Amino acid sequence: MNKLKFWVFNTSLFIFILLILYGIGTGQTLDKEGKINAQALWRYMTLENPYQNYPTWPGKEGFYESTMPPGNILKLFVNDIALDTIVNKKGTFPEGALLIKENYTDDKKLFLITVMYKSRGFNPAGHDWYWVKYKPDGEARLEGKVDACIDCHVGVANNDYVFTGSIK
């Protein structure tokens, strides 16, 4: 009987450890309550799947001048899900779309990283965008349903809250 208990315990422990390791390796960006976690998203986009390797918005390769706040000079990276929407003019970004904008000073010093991440059910009134404003070191200054972001982007709600170019 003791061997059976020992075997059941060890097998259960092994499965538990595997499940934990699987969860860490998948780059999951949602916490247990179904709310997005800015630090998990940062970890995903900088360590697990570095955004600097993502494509840029077509026609916005390298540095370009901004017409909107918060930065004067920008670099805009998009994941493959977002790129498919942009290239194929799908009209609305699907869940998992990720737009990462590096904001630079006039002398090209990175001072802010702003992120839009599409998460179904997060904020239906705001097209389900989750907003994050990071310092270059990854500290989240603002996250979630950020009024300043939404209030600015609502002017392009018919383009799924995106200024950069038409997705229709």
Side-chain angles (χ1 to χ4, degrees), residues 19-20 22-60 64 66-104 110-168:
L19 290 172
I20 288 173
Y22 175 76
I24 291 170
T26 60
Q28 179 69 316
T29 58
L30 302 177
D31 69 13
K32 293 176 185 171
E33 288 81 41
K35 296 180 182 175
I36 300 167
N37 179 303
Q39 290 312 308
L41 182 58
W42 177 261
R43 194 170 41 255
Y44 173 76
M45 62 185 227
T46 59
L47 298 175
E48 296 174 27
N49 192 3
Y51 75 87
Q52 294 90 345
N53 296 331
Y54 292 6
T56 58
W57 189 292
K60 299 292 184 180
Y64 69 96
S66 173
T67 58
M68 303 302 295
N72 297 333
I73 300 171
L74 307 174
K75 281 187 180 180
L76 179 58
F77 301 89
V78 299
N79 68 357
D80 290 335
I81 295 169
L83 183 62
D84 181 57
T85 300
I86 297 162
V87 170
N88 293 305
K89 304 288 188 186
K90 293 187 174 181
T92 304
F93 289 97
E95 179 174 26
L98 186 57
L99 302 127
I100 302 167
K101 183 171 62 174
E102 292 181 336
N103 300 263
Y104 292 86
L110 179 65
F111 74 94
L112 196 61
I113 300 169
T114 53
V115 176
M116 293 173 68
Y117 175 72
K118 186 65 86 92
S119 179
R120 186 177 346 162
F122 173 72
N123 180 17
H127 292 215
D128 288 330
W129 285 111
Y130 171 77
W131 308 82
V132 188
K133 182 191 286 190
Y134 294 104
K135 291 174 50 177
D137 66 2
E139 179 186 340
R141 303 295 293 166
L142 297 170
E143 66 175 295
K145 300 174 188 175
V146 180
D147 289 338
C149 299
I150 294 167
D151 291 348
C152 184
H153 285 251
V154 74
V156 287
N158 64 344
N159 196 52
D160 205 10
Y161 283 65
V162 177
F163 283 102
T164 305
S166 177
I167 60 170
K168 293 181 178 183

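Heavy-atom basis, side chains included; hydrogens, waters and symmetry copies ignored. What you see is a predicted model, and the numbers here were worked out from it, not measured in a lab. Sequence positions, counted from 1, serve as the residue numbers for this chain.
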Side-chain contact test, heavy atoms from C-beta onward, threshold under 4.5 Å: evaluate it for F93 versus I167 and give yes or no.
-> yes

Does the side chain of V78 come within less than 4.5 Å of L98's, by heavy atoms?
-> no

Please check if the side chain of K89 supplies one atom and the backbone of S166 the other of a donor-acceptor pair under 3.5 Å.
-> yes

Y54 (side chain) donor-acceptor with L99 (main chain) under 3.5 angstrom = no

Spacing of H127 atom NE2 and R120 atom CZ [to the nearest 0.5 Å] | 15.5 Å

With a 4.5 Å limit on heavy-atom distance, are the side chains of F111 and N103 in contact?
-> yes

Any side-chain heavy-atom pair of W131 and E143 under 4.5 Å | no

Gap separating the CG atom of L83 from the CH2 atom of W57, nearest 0.5 angstrom = 9.5 Å

Donor-acceptor contact below 3.5 Å, side chain Y64 vs main chain G59 = no

Let me know which of D128, T92, D160 forms a side-chain hydrogen bond (donor to acceptor under 3.5 Å, both in side chains) with K118.
-> D160

Does a side-chain heavy-atom distance below 4.5 Å link S66 with F163?
-> no

Show your reasoning for whether side chain to side chain contact (heavy atoms under 4.5 Å, CB included) applies to I100 and V115.
-> CA-CA 5 Å; I100 302 167; V115 176; 4.2 Å; yes

Nearest atoms (heavy-atom pairs only) where L110 meets P136 = O-CG, 3.7 Å

Taking atom CD of E139 and atom NZ of K133, what is their separation to the nearest 0.5 Å?
-> 12.0 Å

Go through Y104 and N72 one step at a time and tell me if the side chain to side chain contact (heavy atoms under 4.5 Å, CB included) criterion holds.
-> CA-CA 6 Å; Y104 292 86; N72 297 333; over 6 Å; no

How long is the gap from OH on Y161 to SG on C149, to the nearest 0.5 Å?
-> 12.0 Å

Shortest non-hydrogen contact between T46 and W42, atoms and distance = OG1-O, 2.6 Å

In this structure, CD1 of I81 is separated from CD of E95 (nearest 0.5 Å) by 8.5 Å

Please check if the side chain of K168 supplies one atom and the backbone of N158 the other of a donor-acceptor pair under 3.5 Å.
-> yes

When rounded to the nearest 0.5 angstrom, what distance separates NZ in K145 from CZ in F122?
-> 5.5 Å

Quick one: do R43 and L47 satisfy side chain to side chain contact (heavy atoms under 4.5 Å, CB included)? Show the steps, please.
-> CA-CA 5 Å; R43 194 170 41 255; L47 298 175; 3.8 Å; yes

State yes or no: are the ring centers of H153 and W129 separated by less than 6.0 Å?
-> no

